[in-house]
Amino acid sequence: MAIVKKIMGPPGTGKTYRLVNHYLKKELNEYNTDPEKIAYITFSRSAAEEAEERIAELFSGKKLKYISTMHAMGMRESNIDANTQLLTGKKWNRFKQEYPEWFNISFETTVDAAGNPRYQNTHLQIIQYSRSKLISIEDSAVELQKHHDIDVDSTIQLQTDLKSYKEGTKMIEFYDMINKFVEEDRCPPLDVIFLDEAQDLSPHQWKCFDYIKSKCKRAYMAGDDDQTIYGFQGADPNCFMQQEGERDDQEVSRRVPKSVHREAVKILNQLTTRIDKKWIPR
């Protein structure tokens with residue numbers, strides 16, 4: 001079982017700095033951990049790119065092999081060719097040909113910073129949310145407050161048809177990048193896992209993190225349940241709150257002035273489901 005550290009703290013308190021400049025430094029320089037056995041996972045692609053630049057600058061000659069989002073890691077380790085296998089754009093036309101009842105459905109998507117699809121169609125929004133939250137289609141429709149707008153049985157049928165189509169064609173959706181990685185036991189040999197922006201992971205992504213963590217000796221995660229912003233995509237701060245580990249709280253903000261801090265604390269004190277944290281303004 002991995003030894004777990006939870007780096008927690010409000011905005012501007014240096015959680016990522018602590019993650020990289022203290023714990024990653026300790027792994028590389030004190031424990032002499034092989035850089036190819038360290039994974040650094042973050043919620044967004046931009047944060048992964050920033051982390052790669054920062055780590056390369058700080059630790060010259062010790063390049064980490066795995067710095068990415070979970071979707072990107074799943075795609076890479078599962079040998080998925082997104083150009084040919086990923087259901088996007090015109091590739092949906094073949095599905096519509098095989099299942100003409102969905103011919104008028106729009107499968108157009110945009111992809112968020114974490115690699116999650118954002119569908120225009122209500123049925124697909126419900127399916128995607130249910131996958132992220134690991135809940136039923138019915139519960140997903142209720143949580144999204146769309147159960148009065150659509151026929152949930154039709155949503156369930158669409159989900160069934162999508163599953164059958166993918167099984168027959170070996171095509172995948174974004175969701176399957178993580179699923180294949182976990183279900184096919186594709187985790188590379190790792191000793192350490194780092195996780196940044198942990199509060200914005202969905203239960204589906206936490207399942208992936210827990211799988212990777214089970215392969216590691218040590219795990220480090222940084223986040224703040226009060227800063228969750230992707231709830232509409234299935235992010236669940238409760239998963240982060242329930243993760244066990246030794247807390248390493250960061251308390252002094254380098255970003256938030258006293259006036260903003262004063263108003264924020266008034267709001268935070270009204271919330272009932274959160275982890276209490278000390279917070280000193282700039």
Side-chain angles (χ1 to χ4, degrees), residues 43-46 68-75 78 80-183 197 199-208 228-239:
F43 174 75
S44 66
R45 288 172 294 182
S46 60
S68 68
T69 63
M70 286 187 181
H71 285 88
M73 188 173 189
M75 181 175 69
S78 300
I80 294 169
D81 182 353
N83 291 325
T84 59
Q85 292 179 266
L86 186 61
L87 272 170
T88 55
K90 294 181 178 179
K91 297 190 192 77
W92 283 109
N93 291 337
R94 185 178 167 190
F95 171 75
K96 291 183 177 184
Q97 290 171 359
E98 292 197 23
Y99 297 88
E101 60 268 37
W102 307 115
F103 186 80
N104 293 322
I105 287 281
S106 170
F107 289 93
E108 290 186 24
T109 64
T110 56
V111 181
D112 69 18
N116 292 304
R118 296 181 65 179
Y119 293 100
Q120 296 181 1
N121 179 268
T122 302
H123 292 296
L124 293 166
Q125 290 171 4
I126 292 169
I127 290 171
Q128 173 62 19
Y129 189 81
S130 73
R131 291 167 171 173
S132 295
K133 295 280 284 191
L134 303 179
I135 59 178
S136 69
I137 291 292
E138 293 89 347
D139 288 343
S140 175
V142 171
E143 287 197 19
L144 291 174
Q145 298 182 349
K146 296 181 182 295
H147 53 297
H148 295 305
D149 302 334
I150 59 139
D151 176 11
V152 173
D153 288 337
S154 294
T155 308
I156 294 172
Q157 185 59 54
L158 176 56
Q159 182 185 48
T160 301
D161 291 344
L162 281 171
K163 181 179 179 182
S164 297
Y165 177 75
K166 289 188 295 183
E167 288 174 350
T169 60
K170 306 303 179 185
M171 299 294 285
I172 66 160
E173 296 177 85
F174 289 95
Y175 158 83
D176 299 305
M177 293 177 179
I178 290 178
N179 257 23
K180 286 174 68 67
F181 176 71
V182 175
E183 293 173 1
E197 300 178 320
Q199 72 278 351
D200 278 315
L201 266 61
S202 68
H204 182 229
Q205 291 169 314
W206 276 111
K207 182 180 177 181
C208 181
T228 303
I229 60 173
Y230 280 92
F232 65 94
Q233 283 285 84
D236 188 347
N238 290 310
C239 296

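Index from 1, following the sequence.
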Quick one: does [X]'s side chain get under 4.5 Å of [Y]'s, heavy atoms only?
X      : Y      : result
Gln233 : Asp200 : no
Ile172 : Leu86  : yes
Ile105 : Leu124 : yes
His71  : Gln205 : yes
Phe174 : Thr88  : yes

Output all residues satisfying salt bridge (Lys or Arg N to Asp or Glu O under 4.0 Å) with [X], sequence neighbours left out; order by chain, then residue number.
X      : value
Lys166 : Glu173, Asp176
Lys146 : none
Arg94  : Glu98

Kindly compute the distance separating [atom1] ([X]) from [atom2] ([Y]), expressed to the nearest 0.5 Å.
X      : Y      : atom1 : atom2 : result
Met171 : Leu87  : CE    : CG    : 4.5 Å
Glu197 : Ile229 : CD    : CD1   : 8.5 Å
Ile150 : Leu144 : CD1   : CG    : 9.5 Å
Ser132 : Phe232 : OG    : CZ    : 10.5 Å
Lys96  : Asn104 : NZ    : CG    : 7.5 Å
Tyr230 : Gln199 : OH    : CD    : 10.5 Å

inquiry  = Show me the pairs that pass ring-ring contact (aromatic ring centres under 6.0 Å, His included) and involve residues 116-139, at least two apart or across chains.
reply    = none
For [X] versus [Y], what's the shortest heavy-atom pair and its separation?
X      : Y      : answer
Tyr99  : Ser164 : OH-CB, 3.5 Å
Cys208 : Met70  : CB-SD, 3.9 Å
Gln145 : Asp149 : O-OD2, 3.9 Å
Ile156 : Glu138 : CD1-OE2, 3.3 Å
Ser140 : Ile126 : OG-O, 2.8 Å
Thr69  : Ser44  : CG2-C, 3.5 Å

Not counting sequence neighbours, which residues clear ring-ring contact (aromatic ring centres under 6.0 Å, His included) with [X]? List them please.
X      : result
His147 : none
Phe103 : none
Trp92  : Phe95, Phe107

For [X], check side-chain hydrogen bond (donor to acceptor under 3.5 Å, both in side chains) against everything at least two apart and list the hits.
X      : answer
Lys180 : Glu184
Trp206 : none
Ser154 : Asp151
Asp161 : Trp102, Gln157

query = Does any N or O in the side chain of Glu143 come within less than 3.5 Å of the main-chain N or O of Asp139, such that one atom is a donor and the other an acceptor?
reply = no
query = Does Lys91 use its side chain to pair, donor to acceptor, with the backbone of Asn83 at less than 3.5 Å?
reply = yes
key: Heavy atoms of other groups near Glu167 CD, more than 12 under 6.0 Å   = yes
query = Quick check: are there more than 12 heavy atoms from other residues, nucleotides or ligands sitting under 6.0 Å from CD of Glu101?
reply = yes
ask   = Got a sec, which residues hit side chain to side chain contact (heavy atoms under 4.5 Å, CB included) with Gln159, two or more places apart in sequence or on another chain?
value = Ile127, Ser130, Ile137
